[in-house]
Amino acid sequence: MLPTVGTKTISFQRPITNGDLIIVYERHDNMKAIKVCDGSELQNRFGVFKHSDWIGKPFGSKVFSSKGGFVYLVAPTPELWTLVLSHRTQILYIADISFVVSFLEIVPGCVVLESGTGSGSLSTSLARAVAPTGHVYTFDFHEQRAASASDDFARTGLSNLVTVGVRDIQGEGFPDEFFGATDSIFLDLPQPWLAIPSAGKMLKQDGVLCSFSPCIEQVQRSCETLRINFTDIRTFEVLLRTYEVREGKTDFGGSEHGGSIGSLPCKRRQLSSEIDNGRDNKCSSTAVMARPSAEAKGHTGYLTFARLKCIQ
């Protein structure tokens, strides 16, 4: 679980202990969350790893198996937890999450309401943002989904920062106890415009609301409702482009094509190599090359932000 110091301060500045939830990092696209249990073992393609060897080591340690293979034992930060949690619903990823936390102006001590807990991906990042003195109240109409999310927050040590409730926010609105006492609100609902009037009553003066919607038609209808009591209405689509950075050989003087032949298509690369074999002035050097990843993520959804109008 997330190590804590005091009551609500999240910290990883201590050794791994028996019962901790950690993330075993094999490579950037292969990680898994594991609870450390003295006497248990992890078996994977790199060998057998004994949990007892992990206890007492700091987070981030590189540990070896009996075969000489290795993995890293890293802390379950919100960024990594988002990549390994169980997907009970479609989740928000880091690009959208960081944008939401920033534009909702969430800082330590804030009270945040969330409707549409889902898998709890965003809730985990919200909890870290409001710690140590703030709190996140998240609601989901699906009882089993809410219970599973609550269990996950207990596993990651966030129960003192996140409270999960079962409630149909679209139909019932937010509980009256939050009236005028909320700093920020996040909505992930199929019909967010139904919850916007209630959200406006919960926010403090100048409070900020965000609504996540996959379809532009939902955005249009939400904005129509927001114009009644909100101002500074803005909608964003966050697109993330990942680059691959690798070392490669660059040839100089040996090819009329110039530059590295490693980037040429297969047939052209073969022809270029054959030409270069007959020349004596070929010179090769190792360089770092970057190119966009072939697996680029596309549209996830639209983020609409609005600020509650101040009453004069």
Test item: [X] side-chain N/O and [Y] main-chain N/O as donor-acceptor pair under 3.5 Å:
| X | Y | answer |
| --- | --- | --- |
| T117 | F139 | yes |
| E237 | L303 | no |
| R14 | F59 | no |
| S65 | K67 | yes |
| S102 | S98 | no |
| S115 | L187 | no |
| Q218 | P190 | yes |
| S40 | V36 | no |
| R307 | D206 | yes |

State, yes or no, whether a side-chain contact exists between [X] and [Y] at a heavy-atom distance under 4.5 Å.
| X | Y | value |
| --- | --- | --- |
| F49 | E41 | no |
| Y137 | M202 | no |
| L21 | W81 | yes |
| I106 | L126 | yes |
| T225 | P197 | yes |
| T300 | D96 | yes |
| P292 | R241 | yes |
| L209 | L308 | no |

Please determine if [X] and [Y] form a salt bridge, counting it only when a charged side-chain N lies under 4.0 Å from a carboxylate O.
| X | Y | answer |
| --- | --- | --- |
| R128 | E79 | yes |
| K309 | D232 | no |
| D152 | R88 | yes |
| K204 | D183 | yes |
| R291 | E244 | yes |

Query raised in the report: Between V245 and M289, does a side chain to side chain contact (heavy atoms under 4.5 Å, CB included) hold up when you go through it step by step?
Result: CA-CA 6 Å; V245 181; M289 296 177 289; over 6 Å; no
Report task. List in chain and number order the residues that pass ring-ring contact (aromatic ring centres under 6.0 Å, His included) with Y25, two or more places apart in sequence or in another chain; answer none if no residue qualifies. Result ->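 Y25 satisfies ring-ring contact (aromatic ring centres under 6.0 Å, His included) with no other residue.
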For [X], I'd like to know if atom [atom1] has over 12 heavy atoms of other residues, nucleotides or ligands within 6.0 Å.
| X | atom1 | result |
| --- | --- | --- |
| E247 | CD | no |
| F64 | CZ | yes |
| D29 | CG | yes |
| E143 | CD | no |

To the nearest 0.5 Å, tell me how far [X] [atom1] sits from [Y] [atom2].
| X | Y | atom1 | atom2 | result |
| --- | --- | --- | --- | --- |
| S213 | R221 | OG | CZ | 12.0 Å |
| L113 | H135 | CG | NE2 | 10.5 Å |
| R155 | S150 | CZ | OG | 12.5 Å |
| I22 | L80 | CD1 | CG | 12.0 Å |
| M31 | Y72 | CE | OH | 13.5 Å |
| F153 | L161 | CZ | CG | 10.5 Å |

Answer yes if [X] and [Y] sit in the same cluster of Ile, Leu, Val, Met, Phe, Trp and Tyr residues linked by side chain heavy atoms under 4.5 Å apart, and no otherwise.
| X | Y | answer |
| --- | --- | --- |
| V166 | L189 | no |
| V112 | V162 | yes |
| V136 | F178 | no |
| Y302 | I94 | no |
| L104 | F174 | no |

Heavy-atom closest pair, residues [X] and [Y]:
| X | Y | answer |
| --- | --- | --- |
| A33 | V84 | CB-CG2, 4.1 Å |
| A146 | G165 | CB-O, 4.4 Å |
| C223 | I233 | SG-CG2, 3.9 Å |
| P78 | S125 | CB-OG, 3.4 Å |
| L92 | I97 | O-CD1, 3.4 Å |
| C210 | V100 | SG-CG2, 4.2 Å |

Report task. Could you point out which residue of D20, L42, N18, D38 forms a side chain to side chain contact (heavy atoms under 4.5 Å, CB included) with W54? Result ->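 It is L42; the other options fail the test.
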Query raised in the report: Does K62 make a cation-pi contact with F70 (under 6.0 Å, within 45 degrees of the axis)?
Result: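 Yes, a cation-pi geometry.
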**Report entry** Pair listing, ring-ring contact (aromatic ring centres under 6.0 Å, His included) test, anchored in residues 101-124, at least two apart
**Finding:**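 Matches after skipping sequence neighbours: F99-F103, F103-F236, F103-F305.
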Report task. Could you go through the side-chain hydrogen bond (donor to acceptor under 3.5 Å, both in side chains) check for T242 and S293 one step at a time? Result -> CA-CA 6 Å; T242 304; S293 174; 5.8 Å; no
Requested in this report: List the steps, then state whether side chain to side chain contact (heavy atoms under 4.5 Å, CB included) holds for T124 with T82.
Outcome: CA-CA 8 Å; T124 304; T82 291; 5.9 Å; no
Requested in this report: Show your reasoning for whether side-chain hydrogen bond (donor to acceptor under 3.5 Å, both in side chains) applies to S184 and E105.
Outcome: CA-CA 8 Å; S184 306; E105 302 173 1; over 6 Å; no
Query raised in the report: Given F186 and T138, is the side chain to side chain contact (heavy atoms under 4.5 Å, CB included) satisfied, shown in steps?
Result: CA-CA 9 Å; F186 179 82; T138 181; over 6 Å; no
Requested in this report: Walk me through it: do S222 and S211 pass the test side-chain hydrogen bond (donor to acceptor under 3.5 Å, both in side chains)?
Outcome: CA-CA 8 Å; S222 296; S211 176; 4.5 Å; no
Report task. Go through the steps for I16 and L73 under the test side chain to side chain contact (heavy atoms under 4.5 Å, CB included), then give the verdict. Result -> CA-CA 9 Å; I16 296 171; L73 309 178; 4.0 Å; yes
